[in-house]
Amino acid sequence: MRSVGPTQGADSASAEWRFPNRATPPGSSTYYSVRLAPAALRDDLAAVVAWRHEVRTVLDRVSDPGVAQTKVQWWREELNRTADGGPRHPLSRNLALAMERQRLSRSGFLVMADQVQAELSGKQPPDRRSVEAACEADLGALFDLLARCHGITDPQTLGAARGLGAFCGLVYLIRDSGQHLRRGRAFLPADRLAELGITSAALAQPGHIGRLPALLAEAAAAALAYREREAMAPHLPASLRVRGRILAALLAELADEGFDLAQRRVGLTPLRKLWVGWREARRGP
């Protein structure tokens, strides 16, 4: 990677992508995760998180699949320009500096872009493992990059970081399940729906929506089992553990609400996120 140069990285347009930025807004779990990281890393972490945020917002902002694919492809090409020292977008100028300082390759970013393009197809995941793999390619890939920003290179620890990120992704799928149903976005395993004799589209209808809490309870149990299986590493950076702990608290909150999420979105207050995150950060490693 060629150096971007100090003037490119310090202009006023790219300043908005420093921490906190639109991908790490105050009060969010991502904000506390980055806020509780070492100060010298915060801008780099925020830039990495923001790249994923900008690519994934295509799913919500663009209704035409062809236009959405074009936008994701632009971000892929912009990443290659960024890695080669010629960024155009203000965010990319910050990201170029982060990639150079933290020695990040473009591969992890491209995995996240691939996942967005896969979701644009609208295909139902065939089974639970496919849901987990999608989360590994999204937040799992992001957590891998964030761990590398902390200087982690050990394959086992990086694997645990990917597992923890995927667990967070599984929790977000449960939290946003009502919204996904209303938008027709596939997120439940097709084989489980087939066992019940319904489709994802039918589940959104009044006659079947009452089945959603039980399906989400199953998904929550599977997410917890996944975390125990894939994210067992005590030496992850505090910033990653903070987000994982906040998402575990969120999952418990969703369970307390009986997974009644078809018409509402349940979350934690910023104060509770801060408390949970601060306690986790104090634990070490």
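Numbers here simply count residues along the sequence, with the first being 1.
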May I ask you to decide if [Y]'s main-chain N or O and [X]'s side chain share a donor-acceptor pair within less than 3.5 Å?
X	Y	result
R93	P87	no
H150	L146	yes
H89	L91	yes
D84	G86	no
E78	S92	no
S121	Q117	no

Hydrophobic side-chain clustering at under 4.5 Å (ILVMFWY, transitive links): who's grouped with V111? Put none if nobody.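 Hydrophobic cluster check, V111: no partners found.
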Can you find a side-chain donor-acceptor pair between Y172 and S29 that sits under 3.5 Å?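 Yes, because at least one side-chain N or O of Y172 sits under 3.5 Å from a partner of the opposite role on S29.
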Can you confirm if the NZ or CZ of R227 lies within 45° of the ring axis of F167 and under 6.0 Å from the centre of its six-membered ring?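 Yes - R227 lies over the ring of F167, closer than 6.0 Å to its centre and within 45° of its axis.
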Of R265, R183, R264, the one forming a salt bridge (Lys or Arg N to Asp or Glu O under 4.0 Å) with D176 is R265
Under the salt bridge (charged side-chain N to carboxylate O under 4.0 Å, His left out) test, which residues partner R192, sequence neighbours left out?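 E195, E218.
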Could R101 and D43 be called an ion pair, given the rule that one side-chain N must be under 4.0 Å from one carboxylate O?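 A salt bridge is absent here (no side-chain N lies under 4.0 Å from a carboxylate O).
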Report all side-chain donor-acceptor pairs from residues 19-28 shorter than 3.5 Å, counting only partners two or more places apart or in another chain.
unit_1: N21; atom_1: OD1; unit_2: A23; atom_2: N; d: 2.9
unit_1: N21; atom_1: OD1; unit_2: T24; atom_2: N; d: 3.1
unit_1: N21; atom_1: OD1; unit_2: T24; atom_2: OG1; d: 3.0
unit_1: N21; atom_1: ND2; unit_2: W17; atom_2: O; d: 2.9
unit_1: N21; atom_1: ND2; unit_2: A46; atom_2: O; d: 3.2
unit_1: R22; atom_1: NH2; unit_2: E16; atom_2: OE1; d: 3.1
unit_1: T24; atom_1: OG1; unit_2: N21; atom_2: N; d: 2.9
unit_1: S28; atom_1: OG; unit_2: P25; atom_2: O; d: 2.7
unit_1: S28; atom_1: OG; unit_2: Y31; atom_2: N; d: 3.0

